[in-house]
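Remember, it's a predicted structure, so these values are computed and weren't measured experimentally.
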Amino acid sequence: MFLSPLKAVLDMRRTGRIGDLNPIPFPVVVANCVAWVGYSIVNKDPYVFMANDPGLLLGLFYTLSAYGYADAKTRNRLTALIMLFGVALSGVALAVAVMPMSKNEKMLLWGITANVVLLIYYSAPLTTVKEVLVSRSSASLYWPLCLMNVLNGLLWVGYGRATNNSFIWAPNAVGALLGLLQLTLCLVFPRKMRVDPEDAAKREPLLSRTAEEERANTDRAGDLLHQRRGSSAAEDV
C-alpha cells in the first residue's frame with residue numbers, strides 16, 4: 001500500500017511539478033505508521049511493526065518530496081499536519097513513558113491513537129471530493145492508492161479477526177469501505193488531464209508565434225502565385 005504512490009512521487013521529482021497529485025495523505029502516512037509502530041512495541045507484535053516501519057520511511061520521503069514542489073498554500077497545510085500529528089503523538093509517547101500504566105492501558109492508549117490516525121489516513125484522499133464532484137474528474141484521486149487501501153484494509157481485517165484484535169480489524173474495515181468509495185468516484189468521474197497554468201502560459205506565445213508564421217507563409221505563397229500569374233499574362237501578350 002505504501003509503495004503505490006512511489007511512481008507518482010518519482011514522476012513529480014523528475015518533472016519538478018506536483019500536478020494533480022494530492023500530497024495531503026503523505027504526512028498522515030507518517031503519523032499512521034508512527035502510531036502503529038508504538039502500538040506494536042507495546043503489544044510486542046512483530047508483524048504490525050514490520051508492516052509499518054517501511055511505511056514510515058516512505059511517508060517521510062513522500063512528504064519531503066511533495067513539500068519541495070508544492071505551492072505556498074499546500075506547504076502551509078503540510079506543515080500544519082506535521083506539527084499537529086507531532087504534538088499529538090509526542091503527547092501519547094510521553095504519557096506512556098511517564099505515567100504509571102499497566103500494559104493493557106498502554107495498549108489501549110496506543111490502540112485508540114492508531115485507530116484515530118488510521119481513519120484520518122483512509123479518509124485523507126476524500127479532501128478533494130468536492131473538486132472531483134465540481135470538475136467531474138477524478139484527477140486528484142490517485143486510483144492505485146485507492147485500490148491498495150481497499151486490499152490493505154481487507155487483509156488487515158483478516159489478520160485482526162484471526163488474532164481477535166478489534167483495534168486492527170475494525171478501523172481497517174472502515175478504511176476498506178472508504179477506499180471502495182474512492183474507487184467508485186474514479187469510475188463514475190473518469191480522470192481528465194488538467195492544464196497546468198504555467199504550461200498554458202508557456203504555450204500561448206508559441207501558439208501565437210506559430211499562427212503568425214502560418215499567416216506569413218500563406219501571404220508569401222499568395223504573392224508568389226500572383227507573380228506567376230502576372231508573368232504568364234505578360235508572356236501571353
Transitive ILVMFWY side-chain link [X] to [Y], under 4.5 Å:
X: I112; Y: W156; answer: yes
X: L57; Y: M12; answer: no
X: L151; Y: L181; answer: yes
X: V116; Y: L84; answer: no
X: L10; Y: L64; answer: no

Crowding at [atom1], [X] (>12 non-hydrogen neighbours, <6.0 Å):
X: R75; atom1: CZ; value: yes
X: D71; atom1: CG; value: yes
X: M83; atom1: CE; value: no

Would you compute the distance between atom [atom1] of [X] and atom [atom2] of [Y] and round it to the nearest 0.5 angstrom?
X: L178; Y: L183; atom1: CG; atom2: CG; value: 11.5 Å
X: T113; Y: L118; atom1: OG1; atom2: CG; value: 12.0 Å
X: N115; Y: W36; atom1: CG; atom2: CH2; value: 5.0 Å
X: L177; Y: Q182; atom1: CG; atom2: CD; value: 11.0 Å

Kindly indicate whether the side chain of [X], heavy atoms from C-beta on, has any atom under 4.5 Å from the side chain of [Y].
X: V30; Y: C33; value: no
X: I18; Y: P23; value: yes
X: L81; Y: I24; value: yes

Determine the minimum heavy-atom distance between [X] and [Y], stating which atoms define it.
X: A95; Y: L109; result: CB-CD2, 4.1 Å
X: I82; Y: P27; result: CG1-CB, 3.9 Å
X: A35; Y: A114; result: CB-CA, 3.7 Å
X: S65; Y: R13; result: OG-NH1, 2.9 Å
X: A31; Y: V117; result: C-CG1, 3.6 Å

Identify each donor-acceptor pair in which a side-chain atom of residues 167-175 lies under 3.5 Å from a protein atom, sequence neighbours left out, and give them as a table.
{"from": "N172", "atom 1": "OD1", "to": "Y122", "atom 2": "OH", "distance (Å)": "2.8"}
{"from": "N172", "atom 1": "ND2", "to": "I168", "atom 2": "O", "distance (Å)": "2.6"}

Between the side chain of [X] and the main-chain N/O of [Y], is any donor-acceptor distance below 3.5 Å?
X: T184; Y: L180; answer: yes
X: N32; Y: V28; answer: no
X: N52; Y: V48; answer: yes

Next item on the list: Just grab all the ring pair (Phe, Tyr, Trp, His ring centres under 6.0 Å) pairs involving residues 57-104, residues at least two apart or on different chains.
Entry: F26-Y62
Checklist line | Trace of the side chain to side chain donor-acceptor pair (under 3.5 Å) decision for N165 with Y159 | finding: CA-CA 8 Å; N165 191 331; Y159 178 78; over 6 Å; no
Next item on the list: Would you please test L58 and V29 for side-chain contact (heavy atoms from CB on, under 4.5 Å) and show each step?
Entry: CA-CA 8 Å; L58 286 170; V29 168; 6.0 Å; no
Check: Among all residues two or more places apart in sequence or in another chain, which pass the side chain to side chain contact (heavy atoms under 4.5 Å, CB included) test with M107?
Finding: Y39, V42, N43, K103, N104
Next item on the list: Could you please spell out the steps behind the side-chain contact (heavy atoms from CB on, under 4.5 Å) verdict for W110 and I41?
Entry: CA-CA 10 Å; W110 272 118; I41 292 173; over 6 Å; no
